[in-house]
Amino acid sequence: MEARSLPEAFRLIMERRAYSQNRLARELKKGQGWVSDVINGKAGLEFAKMIKILSRIGLEVVIRPKREESDQVKRREFVAAAASVMFVPSPKVGPYQDPSNVWDLAQRTARARYEFGGGAIALTAIRHIRRIEPAVTSQDRKLQEAASDLAVQTVWALNDACRVEAAESAGRLALKLAKASGSPRAQARAYEALISLNLDHGVADRALMYANKGVRLREIPELPQAWMRLKKGWALAHVSGQENRARGEIETIQELLQDTHGFSGQSSSENYSGGRPHAAVVADMTGNIGLSLNDLGVYGEAQSAFNKCVSGLEQSSPALAAFFLAHQIMAALTASQLPLAADRMLKLARIAPLVNSPRVEKSLGKVLAQSAKWSTVPTIRDARDQLETVAHTATST
């Protein structure tokens, strides 16, 4: 890892070590606000001035990790180049041939995306894909299942980074690996990713095709079944004449989520949901219910779902919270609920700078465009000013 500015160094450290801004601040014995200001070019200005002055005489400042014993250096350099996470390769096989290491990569990729956004890890995720492709012909079923899960996490990351073609390719690889492994759970996860990817980009017929295949899977736990039915309901919401079927699927999942035990305690839930806490999984599903209800035109219930979702994700998954907030704002604007839209816009302006997500940045643009006709309303005008500042910062960093 090398960097030539303090903001670049902070971003690389957070990506390589899967640190949040809070974790980096603790390590540096600084406040989280200071770390955020450095990343956005608002602090550490003395250091930046020094770099600029030295450049006048042909010198540059390069930030590198501290050198240690030779074996440790080799291991750290290997990890940074090949995986961007800390794991110990097996002495007998490479890290991408060891199922436990591949599982660990999938979990870490998921956590990094939830907290930082897909833009922060897109290139690393693509490198993972290139290294797990040979697993398709492996005889190791556990490796194929783990590789499929890593490919799925790559789909989510690349979609968040607006790398649609690469995400679709990763999704097809995930499904191929899942089928080779013989794992219904892995197949459900791959179908779910492909459904969401196509729905996000308006390809409802292909999304519904994947959903119909996914719901026919047998011997999968309740959580994967619920996700599949929810995604099918969302796909049906985009098909004319299928609104009642869509509402039926969504209501079934709502009833399941009202159960106080939900899906907690299932042995497969943690692996299926990227190692997230049960509450975050429920919040994510609730957000997807909000998207589905909004597409069905049931705006009141959609807003209720979005509120629960954002409340459950704001601390653990800022990237997802920002995504759902943007959709909640657009739904509120569509229904001319201006006070609600303004309030949510201000909240989005506070969360968006914490993540590196081109998908969220794109959503910011949509919110600003949709809210423009109400720009003379004082509350909307003030909220738009906040969002415009955030959008310009995101573009320039």
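Sequential numbering from 1 along the given sequence is applied to the chain's residues. Scope of the values below: all heavy atoms of this structure, side chains included, with no hydrogens, waters or symmetry mates. Quick caveat: nothing in here was measured; it's all calculated off a predicted structure.
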Report task. Test Asp205 against His238 for side-chain hydrogen bond (donor to acceptor under 3.5 Å, both in side chains), laying out the working first. Result -> CA-CA 9 Å; Asp205 55 346; His238 290 77; over 6 Å; no

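- No side-chain donor-acceptor contact under 3.5 Å links Ser357 to the backbone of Gly117.
- Atoms CD1 and CG, on Ile132 and Leu173 in that order, are 5.5 Å from each other to the nearest 0.5 Å.
- Between the side chain of Asn198 and the backbone N or O of Ala207, no donor-acceptor pair lies under 3.5 Å.
- Residues Gln153 and Ala106 approach most closely at CG-O, 3.4 Å, considering heavy atoms.
- Rounded to the nearest 0.5 angstrom, Glu361 CD and Cys162 SG are separated by 8.5 Å.
- Distance check, rounded to the nearest 0.5 Å: CG of Asp200 to CG of Asn159 gives 5.0 Å.
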Report task. Take Leu105 and Tyr96 through the side-chain contact (heavy atoms from CB on, under 4.5 Å) test and state the conclusion after the steps. Result -> CA-CA 9 Å; Leu105 282 172; Tyr96 289 93; 3.6 Å; yes

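- A side-chain donor from one of Thr334 and Gln370 sits under 3.5 Å from a side-chain acceptor of the other.
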Query raised in the report: Given Arg141 and Ser181, is the side-chain hydrogen bond (donor to acceptor under 3.5 Å, both in side chains) satisfied, shown in steps?
Result: CA-CA 5 Å; Arg141 298 294 176 260; Ser181 76; over 6 Å; no

Requested in this report: Decide yes or no on side-chain contact (heavy atoms from CB on, under 4.5 Å) for Glu115 and Gln21, but give the supporting numbers first.
Outcome: CA-CA 9 Å; Glu115 189 159 0; Gln21 289 188 5; over 6 Å; no

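- To the nearest 0.5 Å, atom NE2 of residue His327 and atom CG of residue Asp295 are 9.0 Å apart.
- Nearest heavy atom pair, residue Val155 against residue Gly171, reads CG2-N, 3.3 Å.
- The two residues Ala342 and Thr379 come nearest to each other via the heavy atoms CB-O, 3.8 Å.
- Residues Leu340 and Leu364 do not share a hydrophobic cluster, clusters being chains of Ile/Leu/Val/Met/Phe/Trp/Tyr side chains in contact below 4.5 Å.
- Taking the side chain as every heavy atom from C-beta outward, Tyr114 and Thr109 never approach each other to under 4.5 Å.
- Taking 4.5 Å as the limit, every side-chain heavy atom of Leu208 sits out of range of all side-chain heavy atoms of Gln242.
- A salt bridge links Glu251 to Arg247: one of the charged nitrogens lies within less than 4.0 Å of a carboxylate oxygen.
- Look at Glu222 and Arg229 and you find no salt bridge, because none of the NZ, NE, NH1 or NH2 atoms lies under 4.0 Å from a carboxylate O.
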Query raised in the report: After noting the C-alpha distance and the side-chain angles of Leu338 and Leu333, does the key distance pass the side-chain contact (heavy atoms from CB on, under 4.5 Å) rule?
Result: CA-CA 6 Å; Leu338 301 189; Leu333 290 170; 4.2 Å; yes

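- Tracing side-chain contacts under 4.5 Å through hydrophobic residues (I, L, V, M, F, W, Y), one never reaches Leu354 starting from Leu346; they form parts of separate clusters.
- Of the charged side-chain nitrogens involved, none lies within less than 4.0 Å of a carboxylate oxygen, so that Asp385 and Arg381 do not count as a salt-bridged pair.
- Counting only residues at least two apart or on different chains, the salt bridge (Lys or Arg N to Asp or Glu O under 4.0 Å) pairs with a member in residues 163-175 are Glu168-Arg172, Glu168-Arg206.
- With respect to Glu219 and Arg185, no salt bridge is recorded, no charged nitrogen being found less than 4.0 Å from a carboxylate O.
- Within the model, atoms CG of Leu348 and CD of Gln328 stand 10.0 Å from one another, a figure rounded to the nearest 0.5 Å.
- Shortest non-hydrogen contact noted between Ala186 and Glu145 is CB-CG, 3.9 Å.
- Rounding to the nearest 0.5 Å gives a distance of 4.5 Å between OG of Ser304 and NZ of Lys308.
- Closest approach of Ala226 and Met285 over heavy atoms only: CB-CE, 3.8 Å.
- Within the 4.5 Å cutoff, the side chain of Gln337 has heavy atoms near those of the Gln303 side chain.
- A donor-acceptor pair is defined here as one N or O able to donate and one able to accept, closer than 3.5 Å; such a pair exists between the side chain of Gln225 and the backbone of Ile220.
- In terms of modelled atom types and a separation under 3.5 Å, the side chain of Ser311 and the main chain of Asn307 share no donor-acceptor contact.
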Query - Full working for side-chain contact (heavy atoms from CB on, under 4.5 Å) between Asp284 and Phe324 - result: CA-CA 9 Å; Asp284 193 355; Phe324 286 118; 3.7 Å; yes

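- Ser375 contributes no side-chain N or O that, together with a main-chain N or O of Ser371, makes up a donor-acceptor pair within less than 3.5 Å.
- Hydrophobic clustering places Ile253 together with Val298 (ILVMFWY residues linked when any side-chain heavy atoms are closer than 4.5 Å, directly or through intermediates).
- Side-chain contact check for Ile289 versus Leu257: some heavy-atom pair is nearer than 4.5 Å.
- Inter-residue side-chain proximity for Lys213 and Ile195 is flagged as unmet; no heavy-atom pair is nearer than 4.5 Å.
- Residues Trp103 and Leu150 are not in side-chain contact: their nearest non-hydrogen atoms beyond the backbone lie 4.5 Å or more apart.
- In this structure, Lys231 is not positioned above the aromatic face of Trp234 in the sense of NZ or CZ being under 6.0 Å from the six-membered ring centre and within 45° of the axis.
- Within the 4.5 Å cutoff, the side chain of Asp140 has no heavy atoms near those of the Gln144 side chain.
- Using modelled atom types, no side-chain atom of Ser36 and backbone atom of Gly33 make a donor-acceptor pair closer than 3.5 Å.
- Linking Ile, Leu, Val, Met, Phe, Trp and Tyr whenever their side-chain heavy atoms come within less than 4.5 Å leaves Leu197 and Phe323 in two separate clusters.
- Both Met14 and Trp34 belong to a common hydrophobic cluster when Ile, Leu, Val, Met, Phe, Trp and Tyr are linked at side-chain heavy-atom distances under 4.5 angstrom.
- Looking at Met345 and Arg384, their side chains come closer than 4.5 Å, going by heavy atoms from C-beta outward.
- Between Leu313 and Ala280, the closest heavy-atom pair is CD2-O, 3.7 Å.
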